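Here is the naming used below: chain letters follow the sequence lines, and residue numbers restart at 1 for every chain. Quick caveat, the model's predicted, so the values are computed rather than measured.
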Amino acid sequence: MIQAVNLCKSFGNLEVFKDLNININRGECVAVIGPSGTGKSVFFRTLAMLEKPDSGQVYINGTDITGKDVNINKVREKLGMVYQGFHLFSHLNVMDNITLAPLKVKKMNKSDAQKKAMELLTMVGLTDKSLSYPHQLSGGQQQRVAIARSLAMDPDIILFDEPTSALDPSMTGEVLAIIRKLARSGLTMMISTHEMSFAQDVASRVIYMDEKGIYEQGTADQIFKNPTREKTRMFIRKLKVFSYSINSRGFDMVEMNVQIELFCQKYNIEPKKVNYIQLVLEELILEVYGDSSINLQLKIDFTIEFSEERNEILISFVYDGRSFNPFEAAEESEHLGMVLIYGVSKNYGYSFENGLNTININI
Amino acid sequence: MNVNVVKSGDYSIISVEGRVDTTNAGEFEKAVMEVVNSGINMIIFNCSGLNYISSSGLRVFLIVQKRMMANKGQLKLCSLQPGITEIFDISGFSSIFSIFPDQDSAEKAG
Amino acid sequence: MEFFETIVNSLCNNLIGGNAWLVLLNGLWVTLLISASGLLLGTIIGAILCAMRISDVGFLRTLSKIIIAFLRGSPVLLLLMVFYYVVFANSRIDAVYIAIIAFALNNGAHIAEIMRSALSAVDKKQLEAARMLGFSKFRAFLAITLPQAGRIAKPVYQNATINLIQWTSVVGYVTITDLTRTVNNIGARTGDPFFALFLGILLYLCLSYFVNFLFSIGSRKKEVL
């Protein structure tokens, strides 16, 4: 149905995606997810030739549409697009918005076009708004009209580019309900979205975009329940990550604590937990550097992962040097710092591999 | 971190504000030991402004406590924030120190 | 009673004596001719300048920028005099045509800017949406961008039209007998300049209202839609 082969696109020095390959079959509903700025929108726009790819091909029903002799207008008649910002024709009422292209492009006769428009308006539940102008409609209603406008051309495939991102949460439901209905009717579609639960129950395939291309793809269950790759996992679990490196004992702990606080403020982590995080890190650093047999130039890297969904914090604390387990050391003699760590953490673990000590602590 | 000493009745009230951690525990210790070394042996730490303490800070309290015991003086803590109380509980310090909900009750208690 | 007699006398002196009303009509016609032709030609020039101004060719953009800046920056009367006394000094072209050219150029520069700002105010994504429905670039422009830009430009265009009519009153400087020149002449002849000049103002006012009326016909139609 629609296929991209080694598609590359960059703006100046900024590479958006590289060697992107995908094949969408008739009747599929493909959800494209991923962090903002990973090129979901540009990807869709490139499929529609609204952006010229730097290299690679896009095939629609077997025809390469990147060629110069292709009548792109003809191709687009069968390729619908629904935008984040609706972009209804503001000088035309709802009926004219829907019938404009069928009348002028398809040369349909007026009564047929209007009859079809009314059917579509019934489908999106807006029959009573046919004479309203776009500015008189709510965002959700405008988006429903935009969907009807796109359907009026009987497209083979519709690309939904974040169709609910510009909407009030109260209005996303009505739009998603219609997209869901279309998916069930077997319309081929691609939808980029931040509505994870929607993607999970509507999409037959989920694509996670990151690192300039398709990072991971699979069925909704695979991606949402068992993501295999690191970044997918972080995205699906809504992990916010803070990383910091310490190169010597003389590092600036005040600066480190300021950074941690900024990170925590950004994601609204409760002050109590912020104190716990700082306490655990401070005590670990003291333990590690405090061990007199250890090299003072010891390098420490730690990350703080915050899962918004589960309201959980995981600290991974990695340092080189010889194997040194502070939990064991604490058993031999009283360590006040370790007592505090035990007290504030839910669970903890230590491992030594390839010359790296790793401590994981959940708060 | 900010340390402030005032006299109130028989007691010297040491107010601690901000954070006491590895980076400033030494400074904190110096400021407090100055008071202790001046011969004062009735001390109340008012911790209402203290919002973070790590083991390094706790150790200073421990040192002062030892000195006061040796001098047969009195050391009391008051007005701990909930988060700080928790740390004292975890570390077992709650049972080592006499802790009061506010300064008044700390002064009145024998 | 005496007051009315004075008015009636003035009226007769100024309008009927020496077939003054015919002269007046002629002046009005000249003003209308220069204004209407200047507006029409100016709109064409404006469209061309605007197309150059937003084109992809850097040279055309710069050229039109310079032309627009020059035409908008120079007083229309000076422009008129340059054309009359310098450019067309030795030609036999009628002064009225020279005035039309001068006003068309000056007005064209203004209209080019009006058009440009109206075009840039239109949501470009709507054009793209039309293209996604299969419209060619040109047809999408005609169906979506143009009507919307027209709507945005209309009130400013209307003002520019009224301004143009009023500015044509300076053509007397290059020997053209327009409405202003005519009422001035009549006033001088009858020795009653107040009435004649006041009459002139009234006539210009009527023209303005007429223009507003013409513009309102269009918009009323659209509101009904």
Would you sort out whether C:K125 and A:F86 count as a side-chain contact (heavy atoms from CB on, under 4.5 Å), showing the intermediate values? CA-CA 9 Å; C:K125 284 278 189 172; A:F86 336 126; over 6 Å; no

If one checks every heavy atom of A:K104 against chain C at 4.5 Å, the contacting part turns out to be both

In terms of heavy-atom contacts, does OH of C:Y85 have more than 12 from other residues, nucleotides or ligands at under 6.0 Å? yes

Region of A:L88 that comes under 4.5 Å of a non-hydrogen atom in chain C: backbone

Taking atom CE of A:M81 and atom CD of C:E128, what is their separation to the nearest 0.5 Å? 6.0 Å

With a cut-off of 6.0 Å (strictly less than), are more than 12 heavy atoms of other residues, nucleotides or ligands near CZ of C:F138? no

Under a 4.5 Å cutoff for heavy-atom pairs, which residue among A:K74, A:H91, A:M49 has the most contacts with chain C? A:H91

Contact summary for A:S90 and C:Q148, nearest pair of heavy atoms: OG-OE1, 3.0 Å

To the closest 0.5 Å, what do you measure between CD1 (A:I72) and OG (C:S136)? 13.0 Å

side-chain contact (heavy atoms from CB on, under 4.5 Å) evaluation trace for A:R76 with C:F135: CA-CA 9 Å; A:R76 289 198 186 123; C:F135 281 89; over 6 Å; no

Does a donor on one side chain and an acceptor on the other come within less than 3.5 Å for C:Q126 and A:H87? no

How close do A:E77 and C:G134 get, counting heavy atoms only, and between which atoms? CG-CA, 3.9 Å

Relative to chain C, which segment of A:M153 carries a heavy atom at a distance below 4.5 Å: side chain, backbone, both, or neither? side chain

Would the number of heavy atoms belonging to other residues, nucleotides or ligands and lying under 6.0 Å from NZ of C:K65 be above 12? no

At a heavy-atom separation under 4.5 Å, does A:F89 approach chain C through its side chain, its backbone, both, or neither? both

Would you kindly say whether A:N73 and C:R139 are connected by a side-chain donor-acceptor distance under 3.5 Å? no

Heavy-atom pair with the smallest gap, counting every atom of C:L133 and A:S150: CD2-CA, 4.2 Å

So with a 6.0 Å cut-off around OH of C:Y97, is the heavy-atom count from everything else above 12? no

Which bit of A:L50 is near chain C, if near means a heavy-atom gap under 4.5 Å: side chain, backbone, both or neither? side chain

